[in-house]
Amino acid sequence: MLVQFMLKNVLSFKDETILDMTAVNAYKEHASNMVDIGNKEKFLKVAAVYGANASGKSNLHLAMWYFQRIIAKSFDNVDHDKKAAIAENYFPFSFEKEEENSEFQIIEIIGNFEYRYGFEYNDKCIVTEWLYRKSITTNRTVTIFERTTDSVRFGASVKKECGVYQEQIPPETLVLSFFNKLKMQTSIFRNVYKEIMKICILTTDICEDTWLFNRLLPTIIDDKNSKEKLIEFLTAIDSGIKDIEYDDGEKEIVYYTTHVGRDQEEYLLNLDNESDGTLKTIIIYLYVQMAIVRKGVVFVDELNTKLHPLLLKFIIDLFYGDHVSAQLIYTTHDTTLMDKKFFRRDQIWFVQKDEYGYSQLTALSDFKVRSDVSFEKDYLAGVYGGIPLLKEFQMREGE
């Protein structure tokens with residue numbers, strides 16, 4: 001479960017920026033919008049990030065992608081003569097003369113422990129890296145490791161097993177990635193790595209995500225119960241689809257949907273001929289189902305694109321089930337759902353960019369806002385920022 005994601009000096013986010021999924025205890029509305037793990041704190045299932053065009057909200061999404069890619073790929077440089085993952089994913093703030101190190105940190109809950117993992121880096125090396133574990137029951141924090149450019153200091157729980165590899169970790173490779181690749185008695189590195197990789201980071205062009213279709217959709221179609229759930233979902237969103245099948249006899253898998261005409265006859269339609277909205281909805285459904293089963297996180301850029309507001313709400317509501325602890329983070333321009341009927345104040349975030357290109361992330365809960373005001377009305381009036389500052393402009397004939 002994601003608790004916090006922090007970034008610093010990445011793209012337009014020069015200063016330390018934190019997306020916090022911890023619920024504000026003082027807010028009592030929408031209990032179903034939170035995950036209760038049995039301690040004092042509760043955590044949000046959904047967070048919506050609003051902002052003007054070019055404000056930086058997509059950069060927040062990209063930053064999570066860079067963070068995940070560095071972790072996934074940094075060990076590969078040991079065996080391959082290619083550009084290091086930290087160099088490929090180093091995008092510091094552009095509008096200052098001197099480049100500084102970039103930094104990421106994530107806090108996640110795995111089982112009965114809270115893990116805080118992060119690293120500071122540039123295009124040459126890992127500058128610092130750290131991993132701490134806190135017991136949820138006792139609140140006791142222990143160090144797993146602390147790394148600088150000169151050395152790695154391991155905590156007592158892993159020191160004996162990890163210490164022998166200390167001199168073998170390359171300067172451009174993360175300690176977490178290094179030990180995840182080894183067969184270890186301790187499961188700490190594997191668990192933290194796996195939890196980070198469970199974050200599904202989806203872009204606006206997910207309609208072209210044929211990999212997911214071909215990996216998951218045939219499995220769902222072949223399983224009777226899973227297929228029934230998919231058809232039930234497609235019926236609920238008024239897609240007109242009564243059935244879905246596939247043919248893998250040719251070089252590539254072809255999917256067909258079944259529709260019923262006015263004459264009550266069944267007609268097949270190639271899935272590629274369905275609307276982009278329908279295709280996007282099916283892909284999102286596959287990711288949501290996977291996230292719910294794995295208790296993972298889905299982070300979608302511009303989730304509202306090609307989706308009706310009611311369909312957007314339908315997808316969000318999938319995360320509010322009684323036994324669901326998966327999480328959804330999405331960026332959007334659509335203010336239709338920016339309403340106290342659907343969201344708590346701590347679920348709404350804004351990205352604002354100043355005239356010099358610095359992006360800032362703030363939560364609606366950072367403002368003194370009553371629960372009964374119109375969030376959308378105040379947002380569009382510029383009360384919270386995150387809207388375009390438009391100036392008068394005219395197009396004249398002949399110019």
Side-chain angles (χ1 to χ4, degrees), residues 1-6 16 18-47 64 67-68 71 104-119 128-147 152-163 174-177 179-180 182-199 290-299 319-329 344-347 363 365:
M1 179 183 301
L2 178 64
V3 177
Q4 276 188 8
F5 176 62
M6 184 278 288
E16 181 178 285
I18 297 176
L19 177 67
D20 195 341
M21 299 296 285
T22 307
V24 176
N25 285 330
Y27 299 162
K28 304 304 179 184
E29 63 268 27
H30 299 304
S32 62
N33 293 19
M34 300 178 292
V35 180
D36 187 350
I37 63 171
N39 65 350
K40 294 181 180 180
E41 292 184 330
K42 298 180 177 64
F43 303 95
L44 302 169
K45 294 182 177 181
V46 178
M64 179 71 85
F67 169 70
Q68 193 182 66
I71 294 170
F104 290 115
Q105 178 175 273
I106 196 167
I107 301 177
E108 295 194 299
I109 292 176
I110 308 172
N112 295 319
F113 295 98
E114 178 184 278
Y115 292 88
R116 177 159 60 95
Y117 170 73
F119 55 89
T128 58
E129 186 183 1
W130 57 91
L131 176 61
Y132 305 102
R133 183 179 69 183
K134 183 175 76 171
S135 170
I136 294 175
T137 54
T138 66
N139 215 33
R140 180 173 176 265
T141 299
V142 297
T143 299
I144 304 303
F145 72 83
E146 293 176 329
R147 182 243 193 105
V152 183
R153 183 177 71 86
F154 294 103
S157 62
V158 299
K159 186 175 183 178
K160 183 177 180 180
E161 188 176 11
C162 297
L174 293 169
V175 172
L176 177 66
S177 306
F179 285 110
N180 175 68
L182 303 183
K183 292 184 178 180
M184 312 281 291
Q185 287 185 343
T186 177
S187 61
I188 291 175
F189 301 101
R190 183 169 60 253
N191 290 343
V192 173
Y193 180 94
K194 182 179 178 181
E195 194 71 15
I196 293 171
M197 291 303 123
K198 280 164 57 177
I199 302 173
M290 184 165 60
I292 289 174
V293 170
R294 300 166 66 191
K295 299 181 180 180
V297 181
V298 181
F299 195 162
F319 288 84
Y320 293 152
D322 292 339
H323 303 291
V324 174
S325 56
Q327 294 167 294
L328 169 68
I329 304 166
R344 295 162 49 92
R345 286 160 284 177
D346 48 7
Q347 291 183 270
S365 56

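Side-chain atoms of Leu131 and Ile188, non-hydrogen and from C-beta on, do get closer than 4.5 Å to each other. Inter-residue side-chain proximity for Ser365 and Arg344 is flagged as unmet; no heavy-atom pair is nearer than 4.5 Å.
Within the structure, the side chain to side chain donor-acceptor pair (under 3.5 Å) test picks out no pair touching residues 34-46 (sequence neighbours left out).
Panel note: side chain Gln327, backbone Leu2; a donor-acceptor pair is recorded below 3.5 Å. Side chain of Asn191 to backbone of Ser187: a donor-acceptor contact under 3.5 angstrom is found. The backbone N or O of Ser157 sits nowhere less than 3.5 Å from a side-chain atom of Lys160 that would complete a donor-acceptor pair. Judged purely by atom type and a 3.5 angstrom limit, Ser177 uses its side chain to pair as donor or acceptor with the backbone of Ile71. In terms of modelled atom types and a separation under 3.5 Å, the side chain of Asp346 and the main chain of Val24 share a donor-acceptor contact.
Scanning for side-chain contact (heavy atoms from CB on, under 4.5 Å) contacts around Asp20 gives Gln4, Ile18, Thr22, Trp349, with sequence neighbours left out.
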Can you give me every donor-acceptor pair (side chain of residues 105-119, partner residue at least two apart or in another chain, under 3.5 Å) with its distance?
residue, atom, partner, partner atom, Å
Gln105, OE1, Trp130, NE1, 2.8
Tyr117, OH, Glu129, OE2, 2.7

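Two rings, from Phe5 and Phe299, have their centers 6.0 Å or more apart.
Using a cutoff of 4.0 Å between basic side-chain nitrogens and carboxylate oxygens, Arg153 and Glu146 are scored as salt-bridged.
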